[in-house]
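What follows is a single structure, written as structure tokens, with notes after it.
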2 protein chains.
Amino acid sequence: MKTKRQASDSCHYCQAPQQCFGAEIALDDKNPLVQETVLLKKGEILYHQQEKIQGIYLLKSGAIKTYWLNEQGRQTMGSFYLPGELLGFSSVSSHTYVENAQALRDTEVCRIAMPLLLNRVSKEPAYQTLLVNLMSASLARVEKARYAYIDTSATQKVAIFLVDYSQRLSKSLIDAASVNLLPTQQDMASYLGLTAETVSRTMTQFQRQGLVQFSQAKQMLKLDYAKLQTLMVNACSER
Amino acid sequence: MKTKRQASDSCHYCQAPQQCFGAEIALDDKNPLVQETVLLKKGEILYHQQEKIQGIYLLKSGAIKTYWLNEQGRQTMGSFYLPGELLGFSSVSSHTYVENAQALRDTEVCRIAMPLLLNRVSKEPAYQTLLVNLMSASLARVEKARYAYIDTSATQKVAIFLVDYSQRLSKSLIDAASVNLLPTQQDMASYLGLTAETVSRTMTQFQRQGLVQFSQAKQMLKLDYAKLQTLMVNACSER
DNA sequence: CGACTGGTTGATCTCCATCAATCCCTGTGG
DNA sequence: CCACAGGGATTGATGGAGATCAACCAGTCG
């Protein structure tokens with residue numbers, strides 16, 4: 001099951017408070033913004049859709065995927081979240097989570113309750129701007145993803161995903177040497193609207209062309225950004 | 001060119017202030033939240049990508065599409081916006097518009113500058129919650145659109161779009177009798193990641209099956225929601 | 001009246017889904 | 001320690017949904 005820890009401890013001993021959401025806000029020993037940290041083992045669920053919202057989450061380590069189950073039980077992939085990224089904004093207005101969140105590997109998240117956040121933010125205009133900007137950036141990111149993936153070939157989709165994902169990884173605090181970096185090809189396929197077979201074929205093709213290199217444990221090692229970015233834009237002209 | 005009108009007039013004589021964003025906030029004759037209204041003729045641009053942000057916009061009448069031009073000049077469709085809907089949140093964090101906004105027909109929008117909005121909102125916690133909820137709802141809407149359209153057939157895509165669009169139309173203040181309701185099939189195709197030919201074929205098929213009826217001027221008249229919604233979920237089982 | 005934009009319809013081709021078999025790796029239990 | 005099971009990845013063969021190319025029509029605007 002999920003393991004929980006009091007925030008006061010957690011924030012106090014946090015390895016990377018400067019990366020925290022509004023560190024200035026969060027780092028107040030008397031009134032910690034983060035109410036608790038949650039430790040998830042690979043595969044565990046952080047929250048289910050339609051559950052009452054408990055707050056938004058900041059990823060401290062690991063990786064989370066969100067997905068949505070329709071009435072027929074069919075699963076649709078939402079997004080992937082990496083350390084330093086915020087999760088759950090889209091559920092705030094409905095007061096219930098609109099999707100499921102599952103740990104892709106052992107993961108640590110910090111929970112921030114919205115009432116507490118809003119209360120804190122209302123006292124300081126600068127923090128209000130910070131919150132609005134964070135939400136705006138989330139929106140821009142989702143819209144940009146839509147732009148990027150619509151009307152593209154399978155090759156382009158995989159290339160775009162690899163570049164975006166690895167750039168986000170490099171921005172994050174993740175210890176690249178010790179973790180299995182990529183989601184499963186099945187999850188990638190689901191996210192991109194492809195099949196696992198197509199993703200597999202594309203990945204092996206990329207390896208043969210030297211665009212991507214992996215370690216034996218399927219960890220992503222190196223990308224040829226220049227060539228991949230050429231692939232991303234040159235739609236059908238590429239043969 | 002764009003025609004502008006002082007807000008004090010506009011808000012004062014607005015036909016539908018109760019539909020306005022935070023009407024309680026907006027309707028203050030001394031300090032109007034809406035700084036001006038802009039009248040756009042069909043085809044006119046409300047803003048270009050990379051322009052300095054002037055605020056967010058509330059649609060009063062008409063319709064807007066957003067699109068994005070990449071470095072090669074290829075155009076990718078963003079979204080459609082209908083009366084009562086808010087436009088521009090995703091640009092707030094970057095201080096420049098991240099996309100282009102163009103009027104699909106004669107359109108009237110109200111401009112709300114962010115600094116003014118934030119200032120007003122900071123004085124009243126309830127308004128702060130309202131703003132956060134509006135942004136959260138925008139995010140949820142974009143994510144839901146992603147869920148809805150990924151991994152679906154052309155038939156499903158068009159069905160989903162028609163149902164969603166007409167439901168949003170019915171929520172809006174639009175005068176259904178006097179306007180051409182649908183975007184062009186080219187824009188629909190671009191939004192859905194299809195070609196115009198495929199959309200055309202699907203639409204005529206829907207008409208033959210009696211799922212959709214049009215007037216002679218291509219205005220959408222009537223949808224068979226029940227049957228369309230069956231189409232939306234029954235992926236490949238439908239023949 | 002042309003010119004142009006948007007819509008319709010048909011023929012062909014291609015990319016990717018589908019189905020199937022096999023392999024590899026990890027974890028589990030006798 | 002080995003056998004086995006199960007999930008993920010790989011590779012091949014086949015078929016189909018939708019893109020592409022092309023021709024044509026209808027309404028609209030200068």
Side-chain angles (χ1 to χ4, degrees), chain A residues 41-43 65 74-75 77 102 104-106 149-159 161-162 179-208 212 214-220 231 234-239, chain B residues 41-44 63 65 74-75 77 102 104-106 149-162 180-208 212 214-220 231 234-239:
Chain A
K41 290 237 166 273
K42 177 178 175 179
K65 77 166 178 182
R74 241 173 57 85
Q75 174 173 332
M77 176 66 55
Q102 183 179 28
L104 292 175
R105 50 185 136 268
D106 292 0
Y149 289 118
I150 210 161
D151 202 28
T152 53
S153 69
T155 307
Q156 287 176 289
K157 285 197 175 90
V158 176
F161 179 83
L162 288 178
V179 291
N180 188 346
L181 296 173
L182 281 178
T184 67
Q185 293 189 0
Q186 323 241 356
D187 281 341
M188 280 181 54
S190 174
Y191 178 72
L192 297 172
L194 303 171
T195 59
E197 293 94 324
T198 301
V199 170
S200 174
R201 279 182 246 269
T202 309
M203 295 288 275
T204 57
Q205 184 195 343
F206 282 174
Q207 286 183 69
R208 291 213 187 93
V212 189
F214 294 95
S215 72
Q216 57 278 59
K218 298 288 170 196
Q219 294 170 12
M220 186 162 50
L231 268 190
N234 291 20
C236 316
S237 52
E238 272 288 337
R239 168 76 326 127
Chain B
K41 290 235 168 275
K42 179 179 175 178
E44 282 184 338
K65 77 166 178 183
R74 242 174 56 86
Q75 175 173 332
M77 176 67 55
Q102 183 179 27
L104 292 176
R105 48 185 138 269
D106 292 0
Y149 289 119
I150 209 161
D151 203 27
T152 53
S153 68
T155 308
Q156 289 177 288
K157 285 197 175 90
V158 176
I160 294 168
F161 179 82
L162 288 178
N180 187 346
L181 296 173
L182 281 178
T184 67
Q185 293 189 1
Q186 324 242 354
D187 281 341
M188 279 180 56
S190 175
Y191 177 72
L192 297 172
L194 303 171
T195 58
E197 293 94 325
T198 301
V199 170
S200 174
R201 279 183 245 268
T202 308
M203 295 288 276
T204 56
Q205 186 195 342
F206 282 175
Q207 287 183 68
R208 292 212 187 94
V212 190
F214 294 94
S215 71
Q216 56 278 59
K218 298 285 170 196
Q219 294 170 12
M220 186 163 50
L231 267 189
N234 292 19
C236 317
S237 52
E238 272 288 335
R239 168 76 325 125

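Naming convention: chains lettered A, B, ... in sequence-line order (proteins, then strands); numbering from 1 in each chain. The structure presented is a predicted model; accordingly, all values stated were derived computationally and were not measured.
- Here D:dT11 is the nucleotide among C:dT9, D:dA19, D:dT11 with the atom lying nearest to any side-chain atom of A:T204.
- Side-chain atoms of A:M188 and A:T202, non-hydrogen and from C-beta on, never get closer than 4.5 Å to each other.
- Put simply, the side chain of A:M203 does not reach to within 4.5 Å of the side chain of A:V212, judged on heavy atoms.
- Note: CD (B:E197) to P (C:dA11) measures 15 Å, nearest angstrom.
- Distances shown here put a side-chain N or O of B:Q185 below 4.0 Å from the OP1 or OP2 atom of C:dT8.
- Under 4.0 angstrom from either OP1 or OP2 of C:dA17 there lies at least one side-chain N or O belonging to A:T198.
- One atom, CD of A:Q205, and another, C1' of C:dC15, lie 13 Å apart when rounded to the nearest Å.
- Between the CZ atom of B:F206 and the P atom of C:dG7 there is a distance of 16 Å, given to the nearest Å.
- The line from CG of B:D187 to CD of B:Q102 is 8.0 Å long, rounded to the nearest 0.5 Å.
- The listed nucleotides are D:dA19, C:dT18, C:dC16; the one nearest the side chain of A:A154 is C:dC16.
- Note on A:G43: nothing from the nucleic acid sits closer than 4.0 angstrom, heavy atoms only.
- Dashed line: the shortest gap from a side-chain N or O of B:S200 to OP1 or OP2 of C:dG7 is not under 4.0 Å.
- At a threshold of 4.0 angstrom between heavy atoms, the contacts of A:T195 include nucleobase atoms, whether or not backbone atoms are also involved.
- Rounded to an integer number of Å, the gap from B:Q186 CD to D:dT20 P is 14 Å.
- For B:R201 and C:dG7, a side-chain-to-base donor-acceptor distance below 3.5 Å is absent, hydrogens and geometry of angles not being considered.
- Nucleotide C:dG7 holds its P atom 14 Å from the CG atom of B:L194, rounded to whole Å.
- Atom OH of B:Y149 and atom CG of B:L194 lie 10.0 Å apart (nearest 0.5 Å).
- To the nearest 0.5 angstrom, A:R74 atom CZ is 5.5 Å from B:D151 atom CG.
- Between the two ends of the helix from C:dC1-D:dG30 to C:dG30-D:dC1, each summarised by a five-pair axis, the helix axis turns through 40° (rounded to 10 degrees).
- For B:M188 and C:dT8, the CE to P distance is 11 Å, given to the nearest whole Å.
- When the P atom of C:dC16 is taken as reference, atom CG of A:L192 falls 12 Å away, rounded to whole Å.
- Looking at every heavy atom in both residues, A:L104 comes nearest to A:K42 through O-CG, 3.4 Å.
- Rounded to whole angstrom, the span from the CE atom of B:M203 across to the C1' atom of D:dG18 amounts to 17 Å.
- Rounding to the nearest 0.5 angstrom, the gap separating the CE atom in A:M77 from the CD1 atom in B:I150 is 9.0 Å.
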